[in-house]
Amino acid sequence: MAFLQQNLKAHSLLHALTLLAFYQLSRWLYRSMVVCPPFIGIPGPKPASWFSGNLGQLFNAKGLPFHQHLSDFYGGMVKVYGFFGDEQLYISDPLAIQAILGKEQECFDETAVFLEANKIIFGSGLVSTTGELHKRQRKLAAPMFSTAQLAKIAPTFYDIAEKLVDVLQREVNEQLSLTSSANAEEKNDGKGGERAVLDMSEWSCRVSLEAAGRAILGYSFDPLDSPVSNPYTTAIKELIPTLFSLALVRQFAPFFSKLGPAWFRRKLVEWTPNRKVQKVKATSDLMHESAKAILEERRAQLLDEADLGSEDGGRAKDLISMLCEYKRMRGAAPEERMDDDELTGQMTVLIFGAQDTTSSVMSRVFSLLATHPDVQLNVLEEIRNAYALMRQHDADGTDCAGGRERLDQETLMGLPWLDAVMKETLRLYPPVPFVRRTCTKEASIPYTRTIPDNSNTPFTSLASVRIPKGTTLFLSIAGCNRIRSLWGDDAGEWKPERWLESTQPYSKDVKIPGAHSGMLSFLGGGRSCIGYRFAMLEMKIILATVLSSLVFSPTEDRIVWNLAQITSPSVCRAVEREGRVLVEETKALPLFAAFDDALG
């Protein structure tokens, strides 16, 4: 009987996959063989495969150099290939991106692959909805990221940052204590005093999740006092790399979403004999069940508070309390309410989005400061001076919490070197290097065409390209952020001082459609990052608090940054097995950490 059931499962799955392959093959062959190629004259690389075109290069963990090569070698408008010769566009040109995210934004939307895959994994949240539903959800979530709300959230961020510093200091002391007797002569090698090794990628992930959970949901995922993170932290840390490794498979998500009712589609996933698919399913289930449990717990707390008649006393409201309040309001219009599926979808999306991208940026900042000690010193001195000035004007200790000094929000956000480091890191190393869009209505967009000549300065001219309905676009965030015509000949260099020399260190001739400081790191238009001010405040508080106590320097480990939709660091090591030397990578960012006063 079990054998027959297994055969039935395999037959159902094979039948679904066969229909899927036939549908996609017919569609792509029609477009490539019957319809005239739309982008004749647009430069680009040859397809690496007759089946998957350039997708294997674009969706590759080691694909960051290829992405940059497209913009550097072919210009801002590049033709790439999808399945079976499907012509797509890879765009880093600011004029074109400005049109796509601005004037012509009604003609472009998220790809069906992106929407359907996110709907399966996250539910009905901001990343899986479009049109009026997306606008409604965004409007309901917007108060969570208002200026007034951020002022109330700041103390929570400080609480978490100070807890992180306590934990990091304890770990440094424990390591130094263990090695003090055995390595007494090696404690000071002349490069920075007594040092311990901290995995700042792991700690960035953990503190970002805790900050997002406390500030957005009023829930603590990870109190940071355990050497091991909880299952939720581990699951979401592994989700994006796993999804990215399934990028080619995910292209079939729109077709999969139409295969019968939800219970049947879930069965198909359960029957899929693929370890990565099962990991994604398990992570999605964990996030969904966690969101439901948190929602019920917070609802019970809110009811208890209402029964006791407690006032918020100026405290920050979390997302659940805000949205539940909307839902309870008598006479509230339907568009001002969310059902439970939408609530849990919003919770999962906002927590995931706030955690993964923020941890990527903070990991990159720690890494860059460790390898640029002169810049790190400038940031440290700036923070020290800000605290010293605060003490002069705060003799009564009003800027202290629990005996600990805290910079006020205005002072913190105005620190020039810290701000320059943040902006330059986001510009050169955006956590999400590219996004995709699909053309929903034929449009013609302008771009700057580059015409090579014999001189070092190629000739450029204005041009336009007609984009047929159904075309897939890659919008290169990293490419646009590094384009020389905007940022100068040193656009590929990490130079925080460019933000000190000018408040607008890019060409004033082109309007960059960015949501933050003229760059695309938080995207732009109607689907820009709703929480970018939230993220900047969180990162600055955590970085300033950590850097006021610890100084970082690089270890001898070889660090590589991989593309997994969101970039992340790994340690690359050579290991010998069965007489062969193999290269292994482990997601981590080990850095030497020393107490600030030890380096004074």
Side-chain angles (χ1 to χ4, degrees), residues 118-129 133-134 136-146 149 152-153 156-157 160 206 208-223 229-237 239 262-263 266 280-312 315-330 332-356 358 530-531 534 538:
N118 285 336
K119 193 176 296 181
I120 293 169
I121 297 165
F122 299 112
S124 300
L126 279 169
V127 295
S128 59
T129 57
L133 177 57
H134 178 81
R136 179 176 67 82
Q137 290 182 343
R138 192 177 175 96
K139 179 182 177 181
L140 289 175
M144 182 69 222
F145 307 105
S146 66
Q149 175 72 359
K152 295 178 181 179
I153 286 175
T156 299
F157 287 154
I160 296 164
R206 292 181 64 176
S208 297
L209 177 62
E210 179 65 1
R214 292 267 299 279
I216 296 176
L217 302 184
Y219 180 85
S220 176
F221 283 101
D222 185 349
S229 58
N230 66 10
Y232 193 97
T233 310
T234 304
I236 64 173
K237 188 170 84 168
L239 178 60
W263 67 265
R266 181 175 178 85
V280 171
K281 183 186 80 68
T283 302
S284 177
D285 289 345
L286 175 62
M287 290 192 299
H288 181 65
E289 292 303 319
S290 298
K292 288 200 301 183
I294 294 168
L295 179 58
E296 291 307 313
E297 182 179 324
R298 288 293 293 127
R299 272 181 174 153
Q301 291 173 352
L302 291 170
L303 286 174
D304 290 342
E305 291 173 6
D307 290 340
L308 294 172
S310 60
E311 300 290 335
D312 66 18
R315 290 184 289 111
K317 286 187 176 181
D318 58 79
L319 180 73
I320 297 176
S321 63
M322 284 183 177
L323 296 181
C324 286
E325 193 173 288
Y326 285 140
K327 195 172 182 180
R328 291 197 308 268
M329 286 169 56
R330 290 185 178 180
E335 61 269 17
E336 293 181 340
R337 303 174 187 172
M338 284 189 183
D339 59 27
D340 282 4
D341 286 341
E342 281 187 88
L343 271 172
T344 54
Q346 289 288 72
M347 291 164 57
T348 303
V349 165
L350 290 174
I351 290 297
F352 181 80
Q355 188 271 346
D356 230 21
T358 303
I530 191 173
F534 176 100
E538 174 195 342

Novice: Find the distance between CE (M287) and CD1 (I294) and round it off to the nearest 0.5 Å.
Specialist: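 M287 atom CE to I294 atom CD1 measures 11.5 Å (nearest 0.5 Å).
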Novice: Taking all heavy atoms of M144 and all of Q149, pick out the closest pair and write down the distance.
Specialist: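 It is O-CG, 3.0 Å.
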Novice: Drop me the distance from I216's CD1 to I351's CD1, to the nearest 0.5 angstrom.
Specialist: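 So the CD1 of I216 and the CD1 of I351 are separated by 4.5 Å.
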Novice: Return the CZ to CG distance between R206 and D222, rounded to the nearest 0.5 Å.
Specialist: 4.0 Å
Novice: What's the separation between atom CD in E210 and atom CD in Q355, rounded to the nearest 0.5 Å?
Specialist: 11.5 Å
Novice: Under 4.5 Å between any side-chain heavy atoms of L239 and D356, yes or no?
Specialist: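 Side-chain contact under 4.5 Å: no.
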Novice: Nearest 0.5 angstrom please: F352 CZ to M347 CE, how far?
Specialist: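 Interatomic distance, F352 CZ to M347 CE, rounded to 0.5 Å: 15.5 Å.
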Novice: Under the rule for ring pair (Phe, Tyr, Trp, His ring centres under 6.0 Å), what residues qualify as partners of F157, not counting sequence neighbours?
Specialist: F534
Novice: Quick check: do R136 and T129 have side-chain heavy atoms less than 4.5 Å from each other?
Specialist: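 The answer is no, as the side chains (C-beta and beyond) never meet within the 4.5 Å cut-off.
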Novice: If I take atom CD1 from residue I530 and atom CG from residue L350, how far apart are they, to the nearest 0.5 angstrom?
Specialist: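 Separation between the atoms: 7.0 Å.
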Novice: Which of these, I153, T156, L209, sits in a side-chain contact (heavy atoms from CB on, under 4.5 Å) with R214?
Specialist: T156
Novice: So which heavy atom on S208 is nearest to which on E538, and how close?
Specialist: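 Residues S208 and E538, closest heavy atoms: CA-OE2, 3.7 Å.
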Novice: Checking the side chain of S284 only, and the main-chain atoms of V280 only, is there a donor and an acceptor separated by less than 3.5 Å?
Specialist: no
Novice: Kindly state each residue pair satisfying side-chain hydrogen bond (donor to acceptor under 3.5 Å, both in side chains) with at least one member in residues 288-298, sequence neighbours excluded.
Specialist: E296-R299, R298-Q301, R298-D318
